[in-house]
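Okay, structure first, notes after.
Start at 1 and go down the list; that is how both ligands and their atoms are numbered.
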Amino acid sequence: MAIMEISNLKKSYGDLEVLKQISFDVNKNDVVAVIGPSGSGKSTMLRSLVHLEQIQGGSVTICGDHLVQDGVYSKPKEIKQITSKMGMVFQHFNLFPHLTVKQNLELAPKMAKKESTAQIEAKSKELLEKIGLADRTNAYPANLSGGQKQRVAIARALMMNPEILLFDEPTSALDPELTGEVLKVMKDLAEEHMTMIVVTHEMGFAKEVANRVIFMDNGEIVESAHPDEFFNNPQFDRTKAFLYRNF
Ligand code: ADP
Ligand code: MG
């Protein structure tokens, strides 16, 4: 079942075409790894899917509802309802610095008022235990390591019960020794059948955890395949050159 259907996405900044006819579907339980050189449009694509950027053409459908259809956006109320099905994790964590770990997790669900305070607090406690940070509940972000911050950011995204989680280079800002603990949390989520799109340079993660790899270059999807096929038998010269340069 397609959770996300993306067709012919187009976006430009002035004369610069950043996304050119991007199309792909994401099915339930998919883990899609998106790789590609810097500047190829990976972040712009993710940000467009969660409506942090406006696109100029194409369609995005989430769980059967149109965020945007042929370049025409749905009404703000519908957009809000549709984007609430997605969680996003950023390279630089984007935690609220003046709030504790617990407050970071509970702010959005408390504002949404869809669950009782007791339910929200029980969930934040459970998630902090799950990511191994129960002992940091009342810490402020400044007093956490980068790996801990990113685990908190993932837990915060999970608080809203998303249908799909989007990650934009979640380990790129971390010291190498801290990437493992974040990748482990993501791998556990994949094993629990969370649907995810992950922009990453971690080829080990793409090989082991993803069931599809998408290679973007210059605003286009050049190649999309199962990781076994993608890494062992890439079909296109641009993919081969990228893999050769980077690994
Ligand atoms: P990636 O995430 O693959 O590195 P980006 O999506 O960040 O690529 O950027 C794609 C292209 O769009 C780059 O050429 C970048 O310079 C340009 N770009 C990104 N954001 C903006 C912006 N807000 N204004 C103008 N150009 C932008
Ligand atoms: Mg980027």
Side-chain angles (χ1 to χ4, degrees), residues 4 6-24 26 30-60 62 67-68 71 73 79 83 86-95 146-147 149-150 153-154 156-157 162 164-176 178-179 182-183 186 196-207 209-210 212-225 227 230-231 234 236-247:
M4 195 179 245
I6 297 151
S7 67
N8 299 320
L9 275 202
K10 278 197 280 189
K11 176 161 184 76
S12 302
Y13 290 111
D15 290 339
L16 180 69
E17 270 190 287
V18 179
L19 301 177
K20 305 168 188 170
Q21 311 279 0
I22 295 281
S23 300
F24 65 100
V26 180
D30 270 353
V31 178
V32 179
V34 179
I35 66 174
S38 179
S40 56
K42 306 179 300 294
S43 295
T44 305
M45 179 183 80
L46 281 197
R47 292 173 59 81
S48 300
L49 298 179
V50 298
H51 195 52
L52 289 171
E53 301 282 348
Q54 292 260 134
I55 55 157
Q56 285 123 10
S59 305
V60 178
I62 313 288
L67 171 68
V68 48
Y73 277 90
I79 290 178
T83 52
M86 295 179 274
M88 176 104 170
V89 175
F90 300 90
Q91 183 176 351
H92 293 288
F93 329 122
N94 297 12
L95 296 176
K149 280 185 223 179
Q150 195 59 300
I154 294 170
R156 183 177 63 173
I164 178 163
L165 267 187
L166 296 84
F167 296 81
D168 193 359
E169 300 198 25
T171 60
S172 293
L174 301 177
D175 292 333
L178 300 179
T179 59
V182 173
L183 293 174
M186 293 167 64
M196 312 198 276
I197 304 178
V198 184
V199 173
T200 186
H201 295 295
E202 294 287 340
M203 293 304 129
F205 179 87
K207 277 181 196 164
V209 184
R212 184 146 37 108
V213 182
I214 287 177
F215 172 59
M216 278 181 75
D217 189 22
N218 197 19
E220 297 169 317
I221 293 180
V222 175
E223 186 151 356
S224 168
F230 184 89
F231 289 107
F236 293 90
D237 287 344
R238 278 199 275 173
T239 318
K240 289 177 196 168
F242 177 79
L243 291 173
Y244 183 76
R245 271 199 310 277
N246 288 278
F247 312 102

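- In plain terms, the two heavy atoms of G147 and V182 that are nearest each other are O-CG2, 3.6 Å.
- Each of the atoms 10 (C), 11 (C), 12 (O) of ligand 1 lies under 4.0 Å from some heavy atom of V18.
- Counting heavy atoms from C-beta on, the side chains of V213 and M203 never come closer than 4.5 Å.
- Taking the side chain as every heavy atom from C-beta outward, L9 and F24 never approach each other to under 4.5 Å.
- In this structure, Y244 places its OH atom where only 12 or fewer heavy-atom neighbours from other residues, nucleotides or ligands lie under 6.0 Å away.
- For G14, the closest heavy-atom approach to ligand 1 does not fall below 4.0 Å.
- Using a distance-only test at 3.5 Å, with no hydrogens or angles considered, a donor-acceptor pair links the side chain of Q150 to the main chain of P170.
- By the criterion of a heavy-atom distance under 4.0 Å, neither the backbone nor the side chain of D168 is placed next to ligand 1.
- Heavy-atom separations between L46 and ligand 1 are all 4.0 Å or longer.
- Within 4.0 Å of atom 16 (O) of ligand 1, not a single protein heavy atom is present.
- In terms of protein heavy-atom proximity, atom 19 (C) of ligand 1 is nearest to Y13 CE1, 3.5 Å.
- Looking at E223, its side chain does come within 3.5 Å of a backbone N or O of F236 through a donor-acceptor pair.
- If you number the atoms of ligand 1 from 1 as listed, the ones under 4.0 Å from a heavy atom of P37 come out as 3 (O).
- Not one N or O on the side chain of T83 forms a donor-acceptor pair closer than 3.5 Å with the backbone of V50.
- Closer than 4.0 Å to atom 27 (C) of ligand 1 lies at least one heavy atom of the protein.
- Residue-to-ligand polar distances place G41 within reach of ligand 1: an N/O pair is separated by less than 3.5 Å.
- Applying the 4.0 Å criterion to heavy atoms of S40 picks out, from ligand 1, the atoms 1 (P), 3 (O), 8 (O).
- In this structure, atom 14 (O) of ligand 1 lies nearest to the protein heavy atom L16 CD2, 3.6 Å.
- Put simply, S43 gets within reach of the Mg ion (ligand 2), with an N, O or S atom under 2.8 Å from it.
- Heavy atoms of T44 found under 4.0 angstrom from ligand 1 belong to the backbone as well as the side chain.
- Looking at every heavy atom in both residues, Q54 comes nearest to K11 through O-NZ, 2.7 Å.
- Of all protein heavy atoms, the one closest to atom 1 (P) of ligand 1 is G39 N, 3.5 Å.
- Residues F242 and V222 are not in side-chain contact: their nearest non-hydrogen atoms beyond the backbone lie 4.5 Å or more apart.
- In terms of modelled atom types and a separation under 3.5 Å, the side chain of Q56 and the main chain of S12 share a donor-acceptor contact.
- From the protein, the heavy atom lying nearest to atom 7 (O) of ligand 1 is S43 CB, 3.8 Å.
- Each of K20, K10, R238, K42 was scored for a salt bridge (Lys or Arg N to Asp or Glu O under 4.0 Å) with E220, with one residue passing: R238.
- Using a 4.0 Å heavy-atom cutoff, G36 is absent from the residues neighbouring ligand 1.
- Closest to atom 3 (O) of ligand 1 among all protein heavy atoms lies K42 NZ, 2.8 Å.
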